[in-house]
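Throughout, numbering of the chain's residues begins at 1 and tracks the sequence. Note that this is a predicted model, so its numbers are computed, not measured.
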Amino acid sequence: MQAVTRRAFIGTCAVAGWACAGCGQKPRSPNRGDSPIWKPSRPLRKVSAANIRSDFEPGYLKLHRTGELRRRAEELWKRMKPCKLCPRTCGIDRLGGQRGFCDAPDYLVIASYHPHFGEEDPLVGRGGSGTIFFCHCSLRCVFCINYDISLEARGTQVGIEDLAEMMLDLQEIGCHNINVVTPTHYSPHILFALDLAAEHELRLPLVYNTCGWENLEILKKLDGVVDIYLPDFKYASGQMAVKYSTCAPPGFTETRPEVAETFTSTETYPEVTKMAILEMNRQVGVARPADDGLMYRGLMIRHLVMPNGVSGAPDVLRWIAENLPKDTYVNIMSQYRPMYKAFEYPEIARPITAAEYRDAVEAAQQAGLTNFHIQGLAFL
């Protein structure tokens, strides 16, 4: 495996900079040219039993046994030429070496993989959530806490076999799930790696940890693959999404004017995210921990409360209560801190106040939600 290191991180959410594993090498793609569909080039080892209930079987195993998992991976792979994996639908030819708004190539760039103890309790358990942090991002928020990974792409080029080995390693060291963080633009690679790892006894639930802004057509290709959806619902307002989640790559305006319309495509963030969350709920249903306290299936929504009402917390929580079961798992997050370019925007250049967080919790209560996690308990 290349120079991506397994990093143990115990605590709350990551601070920018902790997960960099850059090797300094100039990336090259092993998948371009005359071989558009990836094929494994080396055998992998089989691993020990998973640290989960013995009677649980992840959905992707059934699809692997029938060959459907690889077929879907091949379908998603072809969607990189032109690329229409995320709602921006840049339409660039990633398989031909172009990069779109997310700045992702056709090969994998990963910052780190490790047991993570800062996720929601039912995902963490005692062995941690097996997180794999992918570089690049289609949303590109100006306040991203992991901007060195998502925006600056400080990571290492790896192959699909390497990704499969990471998954197997996370199972072997006792993690309770495989948690793919910012996966959308690498969904074909993830399905190929899952198919390969399943052949070598991977059986942990798959957590799809996403910004929530997802292409509905792509989500339907993940039906039966993903066990736990973990989407953000960032904004109630499309205008807020355009303002704070359209941070273009350096030089993008000058070098890629033909896809300039993707700057304003986040105006549809609320509508697209709502449809995506409804589809996720259709696929996996309400998330409820099993008797061992771990989560094996279901929808877990995150909402980050932001200063000055930027996130529109009351409207987001009210929509969830009106359109999903009242016991839908919702994590009302208090961790906002200004990072990256947030200081260029005075209205989000400070942490939230206790009153702002309290208002969000009260909005959830008034909406009738019954299964929301109060992350900022100290505030209350």
Side-chain angles (χ1 to χ4, degrees), residues 1-7 9 14 16-45 73-74 76-81 83 85-86 90 92-114 116 130-140 144 146-170 178-197 209-210 249-252 255-256:
M1 192 182 297
Q2 296 191 32
V4 177
T5 55
R6 188 204 315 152
R7 303 288 183 90
F9 179 80
W18 66 264
C20 177
C23 65
Q25 299 175 348
K26 184 178 180 180
R28 60 181 179 80
S29 172
N31 300 309
R32 290 199 194 120
D34 297 329
S35 302
I37 302 300
W38 174 83
K39 295 180 181 179
S41 61
R42 68 174 189 266
L44 273 64
R45 73 194 190 285
E74 291 176 350
L76 291 176
W77 189 271
K78 293 174 182 177
R79 290 171 186 262
M80 291 193 292
K81 181 185 179 71
C83 192
L85 291 175
C86 86
C90 286
I92 54 89
D93 181 7
R94 281 175 67 187
L95 296 179
Q98 293 183 323
R99 298 192 183 202
F101 194 92
C102 70
D103 206 31
D106 64 337
Y107 50 82
L108 283 165
V109 185
I110 293 179
S112 70
Y113 74 106
H114 54 83
H116 190 17
T131 50
I132 302 174
F133 282 84
F134 295 88
C135 291
H136 308 288
C137 180
S138 60
L139 208 56
R140 303 185 61 89
C144 182
N146 286 327
Y147 66 89
D148 58 328
I149 298 172
S150 61
L151 301 175
E152 296 179 353
R154 298 180 189 175
T156 303
Q157 177 189 343
V158 301
I160 290 173
E161 294 98 338
D162 298 322
L163 176 55
E165 286 185 340
M166 292 176 196
M167 295 175 176
L168 295 171
D169 189 28
L170 292 168
I178 301 297
N179 185 343
V180 289
V181 184
T182 321
T184 305
H185 49 291
Y186 288 127
S187 54
H189 309 72
I190 292 169
L191 265 61
F192 274 124
L194 270 177
D195 191 54
L196 182 58
N209 189 336
T210 166
F252 184 83
T255 59
R256 298 308 311 279

Task: Stepwise side chain to side chain contact (heavy atoms under 4.5 Å, CB included) test for D162 and Y113 - done: CA-CA 11 Å; D162 298 322; Y113 74 106; over 6 Å; no

Atom [atom1] of [X] and atom [atom2] of [Y]: how far apart are they, to the nearest 0.5 Å?
X: I178; Y: L163; atom1: CD1; atom2: CG; result: 9.0 Å
X: D195; Y: I190; atom1: CG; atom2: CD1; result: 13.5 Å
X: H185; Y: L108; atom1: NE2; atom2: CG; result: 9.0 Å
X: T131; Y: L170; atom1: OG1; atom2: CG; result: 7.0 Å
X: T182; Y: I149; atom1: OG1; atom2: CD1; result: 8.0 Å
X: S112; Y: I132; atom1: OG; atom2: CD1; result: 9.5 Å

Do [X] side-chain atoms and [Y] backbone N/O form a donor-acceptor pair below 3.5 Å?
X: D169; Y: M166; answer: no
X: R99; Y: A104; answer: no
X: H136; Y: F101; answer: no

- [ ] Test L85 against every option in S187, S138, P183 by the side chain to side chain contact (heavy atoms under 4.5 Å, CB included) rule and name the one that passes.
- [x]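 It is S187, the one option of S187, S138, P183 that forms the side chain to side chain contact (heavy atoms under 4.5 Å, CB included) with L85.
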
Which pair of heavy atoms, one from [X] and one from [Y], lies closest together, and at what distance?
X: M167; Y: A193; result: CE-CB, 4.0 Å
X: C83; Y: R94; result: SG-CD, 3.4 Å
X: V109; Y: A153; result: CG1-O, 4.4 Å
X: H189; Y: D106; result: NE2-O, 2.6 Å
X: S150; Y: C144; result: OG-SG, 3.1 Å

- [ ] Please test Y186 against I110 for side chain to side chain contact (heavy atoms under 4.5 Å, CB included), starting from the C-alpha separation and ending with a verdict.
- [x] CA-CA 10 Å; Y186 288 127; I110 293 179; over 6 Å; no

